[in-house]
There are 2 protein chains.
Amino acid sequence: MEYQEAKDKFISTWGSLGSLWGINKAMAQIQALLFISTKPLSMEDIMEELKISRGNTSMNLRQLMDWGIVTKTLVAGERKEFFTTEKDVQELARIVAKERSRREIKPVIKVLEEVSSIKNDGTEKSKELIKQTKALYELTETMDVMINKLVDQKQNWITKSVLKLFK
Amino acid sequence: MEYQEAKDKFISTWGSLGSLWGINKAMAQIQALLFISTKPLSMEDIMEELKISRGNTSMNLRQLMDWGIVTKTLVAGERKEFFTTEKDVQELARIVAKERSRREIKPVIKVLEEVSSIKNDGTEKSKELIKQTKALYELTETMDVMINKLVDQKQNWITKSVLKLFK
DNA sequence: TTAAACTTTCAGTAATTATTGAAAGTTTAA
DNA sequence: TTAAACTTTCAATAATTACTGAAAGTTTAA
């Protein structure tokens, strides 16, 4: 497999994986492109490489910046803006986990907590609702805490300890 | 909050969370409904409760069965089919993790492995592609292994050990 | 058998989500 | 200033995904 083929394959695979980590295809592809680029890329470069429009590029770059995955960089002597992505996968994982937790998981945990706290009127169906949502609440919260800690760079020794447990 | 309100809130929240665990809204809502039901439900019951069509119900139930989350049950003296979902959240998490791993993560790991194994022609861009996809490959695989082990019921003592590390 | 009770399939349609491209907005060099 | 170089916004449109409902298919009781 040659460079160009490998590159295309990587970008398209990573793009279609976007849904797995909660971002859209174009966003994921832009990130993938920056991730394997040896130098910052301009909007023009990205449009060209991925064959997407200026508007699309602009909007998705903004989203990536909102997530904290991509940053603008200045290139000496250039007027236009250039972009780079976080290159360290551990840090990338940390950012994604934190953001998804904040955007999606935390709000759900809140609802589960509310729902599982309704007044128990003694009926079977109320008891079941309370029991099941409470179980889901506890599981979701445990998972959320664990995933965040696992990817937290500052406590990265934990990953090693955890992996030891798996041996 | 009364029972009906809590129930509706739970179903709609769980439904919109579907994307997080890789299934569509109707699928997630059907599962949610079964999850808090005290008895098996028929297709009719589900259509009625969620206000969705027969076809939609049928297709999504089939998908839930494909995932192994929902099973048909016979109800004595009834001709039609009834459905139940796995009620244990730990087991549910295990099934979801295993299925997503198999359907989505494993194929990506395979591509990452392939791409990171291209011949190093010595150019800077090839080196970068290899380095970065290899890092992603290792991270993705580690995560995949860890998540599967963490939710694996049969090794559930690990969860406790891991939680101790977090204290 | 057969016909009633039930489930599945799928073409058509609706709803949602992503993308374009051109106009409006912003920045910078002269 | 101003005009060229660049970025953002957003209404229109395209692409994708989900849903409906009726016809076709299946099962079961008599």
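Lettering of chains follows the sequences in order, A, B, ..., and the numbering in each one begins at 1. Quick caveat, the model's predicted, so the values are computed rather than measured.
A donor and an acceptor atom, one from each side chain of Ser101(B) and Lys106(B), are located under 3.5 Å apart. Side chains of Glu128(A) and Thr38(B): a donor-acceptor N/O pair is absent below 3.5 angstrom, by distance only.
When the shell of 6.0 Å around CZ of Arg103(B) is examined, it contains more than 12 heavy atoms from other residues, nucleotides or ligands.
Remark: of the listed residues Leu61(A), Ile23(A), Leu41(A), Leu61(A) is the sole one forming a side chain to side chain contact (heavy atoms under 4.5 Å, CB included) with Ile30(A).
Side-chain atoms of Asp144(B) never come within 3.5 Å of backbone atoms of Thr140(B) as a donor-acceptor pair (strictly under, hydrogens ignored). The backbone N or O of Ile69(B) lies less than 3.5 Å from a partner atom in the side chain of Thr85(B), making a donor-acceptor pair.
If you take CE of Met47(B) and P of dT8(C), they are 13 Å apart, rounded to a whole angstrom. The distance from atom CD1 of Ile30(B) to atom C1' of dT7(C) is 14 Å, rounded to the nearest whole Å. Per the geometry, CE belonging to Met43(B) stands 15 Å off P belonging to dC19(D), to the nearest Å. Rounded to an integer number of Å, the gap from Leu50(A) CG to dA18(C) P is 16 Å. Atoms CG (Leu74(A)) and C1' (dA5(D)) sit 16 Å apart, rounded to a whole Å. Taking atom CD of residue Gln63(B) and atom P of nucleotide dT7(C), one finds them 18 Å apart after rounding to whole Å. Taking atom CZ on Arg62(B) and atom C1' on dT9(C), their separation rounds to 10 Å, with Å as the unit. What separates CG of Leu61(A) from P of dC6(D) is a distance of 16 Å, to the nearest Å.
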Under the 3.5 Å Watson-Crick or G-U criterion, the dot-bracket string of DNA chain D, with | for inter-strand pairs: ||||||||||||||||||||||||||||||
For nucleotides 20-30 of chain C, read 5' to 3', which letter fits each nucleotide if B means a protein heavy atom sits under 4.0 Å from the base, S means only the sugar-phosphate is that close, and - means neither? BB-----BB--
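No salt bridge links Glu124(A) with Lys39(B); every basic N to acidic carboxylate O contact stays at or beyond 4.0 Å. Salt bridge annotation for Arg94(B)-Glu91(B): present, with a cationic side-chain nitrogen under 4.0 angstrom from a carboxylate oxygen.
Scanning for salt bridge (Lys or Arg N to Asp or Glu O under 4.0 Å) contacts around Lys110(A) gives Glu114(A), with sequence neighbours left out.
If you check dT8(D), dT19(C), dT8(C) against the side chain of Lys25(A), the one that comes closest is dT19(C).
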